[in-house]
Amino acid sequence: MEMFRHPDTVRDLVASWRFRGHRIGFVPTMGYWHAGHLRLVEAARARCTKVVASIFVNPTQFGPNEDLAAYPRNLDRDLALAQRHGVDLVFCPGPAEMYEPEHDTWVEVPRLSQRLCGASRPGHFRGVATVVTKLFWIIQPHLAFFGEKDWQQLVIIRTMARQLSCPVEIVGCPIVREADGLAMSSRNAYLTAEERAQAPALFAMLQHLHRLVEAGQTDVASLTEAGREYLATHLPLGRLDYLQFVHPDTLEPRLVVEPPTLAMAALFLGKARLIDNHRLV
Ligand code: PAF
């Protein structure tokens, strides 16, 4: 396995692979790998002949009061996992390799970026869309793999890639959960034991809503109330940021649950902000 810090070295090696007819799969990450990242690598290995992963805690997607400095990092462990799981190349730039000091060119998908997570994280998706565009230019993959836990991010990247005519197929991969249902996330490391014990109630709430929908309840206002009540009982340490019912492709809010509808939720819990989503119909 190769490990490079500099974009030019990555570009040269990947170009030689492409020249030899390889199909390049790309797994962008911010490191601190868990089973969700490994599932993305597996998906890439299943469809590609070379797998490139990036590990870069991208400063431009963090707000001024967010956790950039505290974001969990363990590069040695990530590299060992990448090697063991058959990654061919890991790109690990520092901020200086990715951004000029006067960086002032941005990729924005404003309509999809301002709602849901974007409402409480202004500028976040501009940073994501910009770094992913840069990574696509550096790596030039045929396919790129993203987790469906970050559903809004996936929709924004699909839209960005389509509208900018990026020759990359965007592949969404199912959420990977702990045994108790909590969606895996590097930020789960922030949870105290007490918070961790309550955290699975976020997904349990989405499953509860699913059962209500199956029983015939489709009014979004009543379902939102039911979700809030569930969290007040089972996750009292948390503070709900949003619970919304949307069309999965457009993220347009629904007033009644009709096919297709995705429930999306974000919740502050101690130092963490958990997100999750679940297809209702
Ligand atoms: O999902 C993430 O880990 C990040 O947002 C990404 C896509 C690697 C961009 O920094």
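Since the model is a prediction, treat every value here as computed from it, not as a measurement. In what follows, every heavy atom counts, from backbone to side chain, and hydrogens, waters and symmetry copies are set aside. Both counts, for ligands and for their atoms, begin at 1 and track the order of listing.
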Close N or O approach (T29, ligand 1; < 3.5 Å): no
Element-labelled atoms of ligand 1 that are located less than 4.0 Å from some non-hydrogen atom of P28: 8 (C)
N58 N/O to ligand 1 N/O under 3.5 Å: no
Flag, side chain of R121 to backbone of A119, donor-acceptor distance under 3.5 Å: no
Atom 10 (O) of ligand 1: the protein heavy-atom neighbour that sits closest, reported with distance to 0.1 Å: Q61 OE1, 2.6 Å
Minimum heavy-atom distance V87-L89, with the two atoms named: CG1-O, 3.4 Å
Heavy-atom pair of closest approach, residues L191 and E195: CA-OE1, 3.5 Å
Under 3.5 Å donor-acceptor, N188 side chain and A183 backbone: yes
Sub-4.0 Å atoms of ligand 1 with respect to non-hydrogen atoms of Q153: 1 (O), 2 (C), 4 (C), 5 (O), 7 (C)
Plane angle bin for H234 and Y230 - parallel if under 30°, tilted between 30 and 60°, otherwise perpendicular: parallel
Numbered atoms and elements of ligand 1 in range of V131, under 4.0 angstrom, heavy atoms: 9 (C), 10 (O)
W106 and H103 aromatic ring geometry - parallel, tilted or perpendicular at 30°/60° bounds: perpendicular
Nearest-neighbour protein heavy atom for atom 3 (O) of ligand 1, which is reported as residue plus atom name and distance: M30 CG, 3.6 Å
